[in-house]
Amino acid sequence: MSSSFDPSLSTSGMRPPLASADAPSMADSLPSINFGFEDLRNRMAQFTARFDAFIERGRKQVLEERNQFKIGLAELQEDERMKQRDIEILDLKSQTHQQTLQKEAAEAAEMHAAISSVTLERDSRLAKRDRLKQQIDETQKAINQKLEAQKMHARYLDAQARLNVPELDFWQDYLCLRIEGAGREDRLKFVYTHLLEKDWEAEAWFELGTASRDYAVFHTRPKLDREALERELDIVNEDRDFGAFLKRMRKLFVDTMK
């Protein structure tokens, strides 16, 4: 505890020292002063203890906060790592899904192309079938028309044959001609003999087609000039004078063989 200062004890009120040796010294006469060092020391010790405790608490708090920060940072890093892993998994799933979509799109495109190809092939076959049916119908119609024409021509030839048998006999004798089959129902072979004075055995012949109204010559021996032959056919198909045609054909063979 600090002592109060008494002004009565100041040096201005001091008595001079005694002269004798036994007299008390001046120091003895000084008043005792209590500065309170013990109290100050105790208070300083208490302050130091409180300060050390404050520092210790602060240090512990800083350590705890640092540990908590490290733990939080580790948790954040772990969360970030987990999130990064989740992102990688999602990216992998997204890539797989994208690849699956691309594969499905390619398969769908391939399937559409195959369907289009099959459809085109089917349409082509249907069109071809329709064309073939039309051609078959047209061919059958043409065959029927040709058969009818052949029947009419056969009836005509039959009627003409009945009328012209004497005439044909005359032309065969007159032109040294014989009539043979040519291996087909609609063809006749006309063979001439006695064409050359030097070789009466030499023969010449031609095959005449009778399938239609207009006559046609398919083969000749010897070979005749085609233009001359066509002229003779045009004449006989126009005037229908078959006897005159046989006579002109003999002349063509004679001129050719000479």
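Just so we're clear, the structure is a prediction, and the values are computed from it rather than from any experiment. Residue indices begin at 1 and follow the sequence shown.
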TODO: List the steps and the verdict of side-chain contact (heavy atoms from CB on, under 4.5 Å) for Q46 and R41.
DONE: CA-CA 8 Å; Q46 293 176 359; R41 186 180 295 111; over 6 Å; no
TODO: Applying side chain to side chain donor-acceptor pair (under 3.5 Å), run through Q140 and N144 and close with a yes or a no.
DONE: CA-CA 6 Å; Q140 187 63 45; N144 293 334; 3.2 Å; yes
TODO: Taking T256 for its side chain and L252 for its backbone only, find out whether a donor-acceptor pair lies under 3.5 Å.
DONE: yes
Task: N-O pairing of E56 and R59 below 4.0 Å - done: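 Salt bridge between E56 and R59, a charged N being under 4.0 Å from a carboxylate O: yes.
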- [ ] Hey, could you give me the CD/OG distance between Q99 and S94, rounded to the nearest 0.5 Å?
- [x]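 Here the interatomic distance stands at 10.0 Å.
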Open item on the list: Are L177 and V254 connected into the same hydrophobic cluster when the rule is that any two of I, L, V, M, F, W, Y join if their side-chain heavy atoms are below 4.5 Å apart?
Closed with: yes
Task: pair R248-R231: side-chain heavy atoms closer than 4.5 Å - done: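 No, their side chains stay 4.5 Å or more apart.
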Task: Path from L175 to M257 over hydrophobic side-chain contacts below 4.5 Å - done: yes
Open item on the list: Does atom CD (E180) have a neighbourhood of more than 12 heavy atoms from anything else shown, all under 6.0 Å?
Closed with: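 Counting other residues, nucleotides and ligands, CD of E180 exceeds 12 neighbours.
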Task: E238 CD: over 12 foreign heavy atoms closer than 6.0 Å - done: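 Incorrect, the count does not exceed 12.
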TODO: List the steps and the verdict of side-chain contact (heavy atoms from CB on, under 4.5 Å) for E203 and L195.
DONE: CA-CA 7 Å; E203 294 182 348; L195 296 170; over 6 Å; no
Task: Over 12 non-hydrogen atoms of neighbours within 6.0 angstrom of CZ in F218 - done: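 Yes, the 6.0 Å shell around CZ holds more than 12 heavy atoms from other groups.
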Task: Nearest-0.5 Å distance, CZ of residue R81 to CD of residue E88 - done: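 Separation between the atoms: 10.0 Å.
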TODO: Starting at CD of E230, measure out to CG of D225 and round the result to the nearest 0.5 Å.
DONE: 10.0 Å
Task: Donor-acceptor contact below 3.5 Å, side chain S117 vs main chain A113 - done: no
TODO: Would you confirm whether T100, through its side chain, and T96, through its main-chain N or O, come within 3.5 Å as a donor-acceptor pair?
DONE: yes
Task: Pairs flagged by side-chain hydrogen bond (donor to acceptor under 3.5 Å, both in side chains) wherever residues 61-72 is involved - sequence neighbours left out - done: Q61-E65
Task: Side chain to side chain, F245 and D239, heavy atoms closer than 4.5 Å - done: no
Task: Closest non-hydrogen atom pair between G181 and K189, with its separation - done: O-CB, 4.2 Å
Open item on the list: Below 30° counts as parallel, above 60° as perpendicular, anything between as tilted: where do the rings of F190 and F206 land?
Closed with: parallel
Open item on the list: For the CD1 atom of I136 and the NZ atom of K141, what is their distance to the nearest 0.5 Å?
Closed with: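 Separation between the atoms: 16.0 Å.
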Open item on the list: How close do R178 and T193 get, counting heavy atoms only, and between which atoms?
Closed with: NH1-CG2, 3.7 Å
Open item on the list: Using 0.5 Å steps for rounding, measure from the OG1 atom of T220 to the CG atom of L208.
Closed with: 12.5 Å
TODO: Could you tell me whether F242 and Y215 have their ring centroids closer than 6.0 angstrom?
DONE: yes
Open item on the list: With a 4.5 Å cut-off on side-chain heavy-atom distances among I, L, V, M, F, W and Y, is there a chain of contacts connecting L246 to F253?
Closed with: yes
Open item on the list: Does this structure show an ion pair linking E80 with K83, if we count only N-O contacts that are shorter than 4.0 Å?
Closed with: no
TODO: For the residue pair E138 and Q134, confirm or rule out a side-chain donor-acceptor distance under 3.5 Å.
DONE: yes
Open item on the list: Which residues pass the side chain to side chain donor-acceptor pair (under 3.5 Å) test with E207, not counting sequence neighbours?
Closed with: none
- [ ] First locate atom NE2 of H194, then atom CG of D199, and finally report the distance between them rounded to the nearest 0.5 Å.
- [x]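 One gets 10.0 Å once the value is rounded to the nearest 0.5 Å.
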- [ ] Tell me, please, which residues at least two apart from H219 pass ring-ring contact (aromatic ring centres under 6.0 Å, His included).
- [x] none
Open item on the list: If I compare all heavy atoms of Y192 with all of M249, which pair ends up nearest, and what's the gap?
Closed with: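 Scanning both residues completely, I find the closest heavy atoms to be OH-CB, 3.5 Å.
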Task: Within one Ile-Leu-Val-Met-Phe-Trp-Tyr cluster: I179 and V217, side-chain cutoff 4.5 Å - done: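 Linked, I179 and V217 end up in one cluster.
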Open item on the list: Evaluate R240 against V236 for side-chain contact (heavy atoms from CB on, under 4.5 Å), listing each step before the verdict.
Closed with: CA-CA 5 Å; R240 313 304 296 179; V236 72; over 6 Å; no
Task: K251/D255 ion pair, N-O < 4.0 Å - done: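 So K251 pairs with D255 through a salt bridge.
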